[in-house]
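One structure is given here, and the rest of the page talks about it.
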Amino acid sequence: MNFDDYKKAVEKLNLYAHHYYVLDNPLTTDEVYDKLYHEVLEYEELNLNKILKNSPTQRVGDIVSEGFIKAPHLTRMWSLEDIFDMQELQKWLIKTYKLDENISFYCEPKYDGASLNLIYENGELVQGITRGDGTMGELITQNVRTIRSIPLTIAHKEKIEIRGEVVIFKEDFETINVERLKKGKAIFANPRNGAAGSLRQLDPSTTASRKLVFLPYGVGENSLPQKLLSEKMEYIYELGFKKPPQRATCKGFEEIEAIYEVMKKERDSYSMMLDGMVIKVNEIAVQIDMGYTVKVPRFAVAYKFPAVEKITTLKEIVLQVGRSGAVTPVAIVEPIDIDGVIVERATLHNFDEIDRKDIRIHDKVIILRSGDVIPKIIQVLVHERDGSQIPYIRPTLCPVCASELLDEGVLLKCQNLACEARVVNSIIYFASKPCLNIDGLGNKIVEVLFHSKLVKSVVDLFDLTLEKLLLLDGFKEKKSQNILNALEQAKGCEYWRFINSLGIEHIGEVASKTLSVNFGSAFIDATKEQIIACDGIGEEMAESILEFVRVNKHTILKLQNILNPKEPLKKVEAKENPFKTKTVVLTGTMSVSRGEIKEILETFGAKVSGSVSKKTDFLIYGEDAGSKYDKAMELGVNCITETEMKEMLL
Ligand code: IVH
């Protein structure tokens with residue numbers, strides 16, 4: 001590799017990273033990226049004086065040994081006034097219109113994270129500074145450089161401060177906490193604490209491991225010519241920063257309310273946590289005129305979403321026994337309205353968590369409810385204790401069958417295979433959506449069937465008859481017949497559903513599909529080597545399958561006989577056609593879903609890939625094809641329409 005090749009490789013890596021971290025639209029596979037990254041690394045090791053500043057290898061630097069030094073912001077970092085309802089919005093608008101009546105507004109999410117100021121000079125990131133007191137913050141440039149959604153170089157050469165929020169995506173936050181729990185570390189109470197804590201790590205490699213994301217929301221010192229904030233923000237996104245999941249320019253109360261409602265409704269589906277919407281006057285000249293109070297700008301306001309953290313009292317801790325026998329503690333709290341939902345139960349994760357947080361019955365606790373996840377206790381208000389608190393004692397017996405529990409430290413387990421909770425929950429699981437999807441077999445009905453002794457295991461479900469069901473309390477003809485019909489319909493199900501419904505430990509929907517495609521009904525005879533050879537299945541999973549089959553072979557065969565699940569289609573050699581063995585990429589809107597087109601192409605022996613590269617043979621495009629199309633054209637890939645594809649297959 002010479003310097004020119006090296007330079008090109010760095011550019012390519014940065015392009016890949018931009019598509020991956022900023023645009024959520026990968027151009028290539030991890031493997032290709034890693035290979036090129038290592039070539040770059042090799043070159044740099046031999047040419048230490050030629051390393052480019054924007055090389056992706058330069059993101060993780062040395063440990064800061066003595067804490068961070070302070071650094072000034074070029075212009076002050078402000079905070080925002082909060083408003084909480086329509087009336088307050090009305091008032092704010094009246095006040096703001098008094099200052100200038102010809103204004104429009106730019107609305108974007110209020111991210112729940114840690115604020116960060118980035119200073120670029122000559123197109124290079126030179127400083128990353130925490131908010132601090134608004135005029136001075138801590139200089140954390142080394143850590144900031146590890147954040148992949150922050151470009152190390154930008155095409156804008158004049159000095160500029162770009163401000164934004166550093167967040168952890170909700171799903172990464174969960175993963176980080178699970179990891180921390182495993183290592184016996186205190187969990188982060190919320191993504192905001194997680195982001196702030198991760199930014200202030202002395203070792204940049206710790207920050208790098210936290211999957212932080214930077215979301216820009218404005219500029220500080222700048223010489224941008226745009227007259228509207230919305231235009232400035234578009235320019236910032238163009239420079240390589242991440243766009244918000246939702247933004248709008250609007251005029252007046254109604255339009256603002258409408259976009260607020262959209263964000264509030266959709267926020268659960270966004271990757272990051274939001275705690276409101278920020279409304280800013282869009283005209284920069286007017287912003288300057290309006291200026292600031294001592295604390296906050298007059299031209300912007302944070303319209304908060306209803307609180308998701310509330311204080312309530314822990315009434316008791318009940319125990320749940322799952323189908324695997326795992327016993328989990330659940331907090332029952334004084335009912336409380338959080339964001340329109342009455343919360344009465346909250347997860348406590350496991351018994352270690354109770355000990356670690358020293359949670360006691362009658363404690364006042366803070367509960368967090370963030371939309372899509374189960375409410376949880378995030379903090380105990382120790383100073384509110386009044387002497388009535390009772391420490392919790394770990395159970396030693398199963399709350400359902402009273403057999404002795406196995407104490408595995410974090411987890412307690414009921415080992416009695418016949419324990420009612422285990423059996424009932426495994427039947428419910430068997431009938432659930434990602435398994436056999438049998439309508440009408442909810443908790444209550446399964447409990448009745450179990451207590452009546454009609455159903456002692458899933459196999460018994462298929463011996464039910466109308467006569468037997470009609471003898472049960474509350475089972476009229478229609479309800480009974482519906483259950484029987486639903487059971488009948490489960491017959492002939494897809495094979496992966498059958499595997500999934502068995503409830504093998506560590507084997508979920510994805511692994512069941514993999515086993516089904518690779519073995520079909522022969523999965524019960526597969527060897528450990530064969531199982532591990534499947535994509536995504538590791539040793540622990542393989543052992544779990546083998547052990548399950550060893551103990552339950554007879555039941556599996558019996559169920560298979562009853563259910564007669566469809567053998568998955570064997571991969572047959574495709575007949576000759578223009579797409580056989582070719583790599584194809586799909587983009588744009590087609591006449592049917594892209595998934596369906598993918599399936600058709602795969603039966604014709606094509607390999608359908610997610611991103612365009614030199615190896616792509618065909619790009620098949622529908623309406624509104626975007627960057628993949630441009631990329632394919634650039635690389636000279638054969639681009640054809642869906643209709644052309646169909647003609648070629650005739
Ligand atoms: S604008 C002059 N916009 O909220 C305006 N701030 O409560 C100053 N924040 O310190 C801030 N999302 O860390 C702005 N879209 C957004 C924001 C946002 C989150 C944070 C920011 C600020 C705090 C103020």
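Counting starts at 1 for both ligands and their atoms, in listed order.
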What is the closest protein heavy atom to [atom], and at what distance does it sit?
atom: atom 12 (N) of ligand 1; value: Tyr111 N, 3.1 Å
atom: atom 2 (C) of ligand 1; value: Pro297 CG, 3.6 Å
atom: atom 5 (C) of ligand 1; value: Leu80 CD2, 3.9 Å
atom: atom 23 (C) of ligand 1; value: Lys110 NZ, 3.9 Å
atom: atom 9 (N) of ligand 1; value: Glu165 OE1, 3.6 Å

query: Any salt bridge between Arg192 and Asp275, counting N to O under 4.0 Å?
result: no
- prompt: Would you call Glu161 and Arg163 a salt bridge, taking side-chain N to carboxylate O under 4.0 Å as the test?
  reply: yes
Sub-4.0 Å heavy-atom contact, Pro109 with ligand 1: yes
- prompt: Of all the heavy atoms in Lys280, does at least one lie under 4.0 Å from an atom in ligand 1?
  reply: yes
field: Tyr33 ring center within less than 6.0 Å of Tyr20 ring center
entry: no
field: Aromatic ring proximity Tyr292/Phe299, centre distance under 6.0 Å
entry: yes
message: If I take atom CD1 from residue Ile150 and atom CG from residue Leu116, how far apart are they, to the nearest 0.5 angstrom?
response: 5.5 Å
- request: Report yes if Ser115 has an N/O atom closer than 3.5 Å to an N/O atom of ligand 1; otherwise report no.
  value: yes
query: With only distance considered, is Glu108 within less than 3.5 Å of ligand 1 through an N or O on each side?
result: yes
Partner of Ile284 by side-chain contact (heavy atoms from CB on, under 4.5 Å), out of Val219, Asp289, Leu224, Leu229: Leu229
- request: Among Ile288, Leu228, Asp100, find the one that has a side-chain contact (heavy atoms from CB on, under 4.5 Å) with Glu283.
  value: Leu228
- prompt: Is Arg148 atom CZ crowded by more than 12 heavy atoms from other residues, nucleotides or ligands, each under 6.0 Å away?
  reply: yes
query: Where on Arg131 is there a heavy atom closer than 4.0 Å to ligand 1, on the side chain, on the backbone, on both, or on neither?
result: side chain
query: Which of the listed options, Tyr217, Trp78, Tyr106, holds the heavy atom that is closest to atom 17 (C) of ligand 1?
result: Tyr217
